[in-house]
Amino acid sequence: MAYEIIILDRAQEEIDKAYEYYAEISLTVLKSFDDQLEQLYQRLETNPFFQSRYKNLRALPFKSFPFMAFFRIDEEKKLIYIYSVFNTSQNPEKYPKD
């Protein structure tokens, strides 16, 4: 059974900011970012057990963009909660920890 993804408010705001930024650069770059985000969702739906970062918080980097998705898994309910889609060009002290 595939996992269901729930994108929390903070993560959605970060995704929206990334879309705005890449839309200003190029529609091709925006499409590439969108494709990689969709691939990330697909990977999480089928196998969310990627590296553990902090307590139960896990992370999965994008292939070629400086972003990392931080998430938690509820195995019993088959849910993935995406807490942040963090721009890794930022100060790493800002990594989400809860």
Side-chain angles (χ1 to χ4, degrees):
M1 178 177 166
Y3 285 77
E4 180 183 345
I5 295 175
I6 297 172
I7 302 168
L8 301 178
D9 290 343
R10 174 182 174 173
Q12 189 59 57
E13 289 173 14
E14 293 166 338
I15 291 167
D16 292 345
K17 285 181 187 178
Y19 276 134
E20 290 172 17
Y21 176 76
Y22 289 123
E24 289 180 15
I25 294 174
S26 157
L27 291 180
T28 304
V29 175
L30 176 61
K31 171 119 175 57
S32 181
F33 178 82
D34 186 55
D35 289 346
Q36 285 191 30
L37 182 61
E38 189 59 39
Q39 289 171 8
L40 183 131
Y41 292 154
Q42 290 172 2
R43 290 175 69 193
L44 289 176
E45 287 172 347
T46 58
N47 179 16
F49 298 98
F50 291 94
Q51 58 183 290
S52 189
R53 286 291 181 133
Y54 181 82
K55 294 185 180 179
N56 293 330
L57 199 60
R58 296 175 176 271
L60 178 61
F62 281 56
K63 269 187 168 179
S64 61
F65 284 88
F67 285 86
M68 185 173 294
F70 286 90
F71 60 95
R72 284 208 168 107
I73 305 167
D74 183 331
E75 290 185 65
E76 188 176 300
K77 295 179 181 177
K78 298 289 188 192
L79 295 174
I80 298 167
Y81 296 93
I82 298 182
Y83 284 81
S84 177
V85 177
F86 185 77
N87 184 332
T88 59
S89 296
Q90 294 180 18
N91 181 348
E93 291 180 12
K94 293 182 178 180
Y95 271 24
K97 293 189 176 166
D98 53 17

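The shown structure was predicted, so the numbers you read here are calculated from the model rather than taken from an experiment. Along the sequence shown, residues are numbered consecutively beginning with 1.
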Pairs flagged by side chain to side chain donor-acceptor pair (under 3.5 Å) wherever residues 20-29 is involved - sequence neighbours left out: none
Atom pair CZ (Phe33) and CD1 (Ile25), whose distance is rounded to the nearest 0.5 Å: 11.0 Å
With Tyr41, the side chain to side chain contact (heavy atoms under 4.5 Å, CB included) member among Arg43, Gln39, Glu38: Glu38
Residue Leu27 excluded, over 12 heavy atoms near CG under 6.0 Å: no
Pairwise distance CZ(Arg72) to OH(Tyr81) - rounded to 0.5 angstrom: 11.5 Å
Approximate separation, where rounding is to 0.5 Å, of Glu45 CD and Gln42 CD: 7.0 Å
Minimal non-hydrogen separation, Lys78 against Ala2, with atom names: CB-O, 4.3 Å
Atom pair CG (Leu8) and CD (Glu14), whose distance is rounded to the nearest 0.5 Å: 10.5 Å
Side-chain heavy-atom pair Ile80, Glu4 within 4.5 angstrom cut-off: no
Spatial distance of atom CD1 (Ile73) from atom CG (Asn47) [nearest 0.5 Å]: 8.0 Å
Heavy-atom check, side chain of Arg58 versus side chain of Pro48, under 4.5 Å: no
Gln12 and Asp16 side chains, donor-acceptor separation under 3.5 Å: yes
Any side-chain donor near an acceptor of the partner, Tyr3 and Asp74, under 3.5 Å: no
Polar side-chain atom of Gln36 near backbone of Lys63 as donor-acceptor pair, under 3.5 Å: yes
Validation row: Phe65, Leu37 side chains within 4.5 angstrom (heavy atoms): no
Phe67 CZ to Ser89 OG distance, which is reported to the nearest 0.5 Å: 7.5 Å
Minimum-distance pair of heavy atoms, taken over all atoms of Leu40 and Ala69: CD2-CB, 3.8 Å
Val85 vs Phe62, side chain to side chain contact (heavy atoms under 4.5 Å, CB included): CA-CA, chis, key distance, verdict: CA-CA 10 Å; Val85 177; Phe62 281 56; 3.9 Å; yes
Heavy-atom check, side chain of Leu44 versus side chain of Ile82, under 4.5 Å: yes
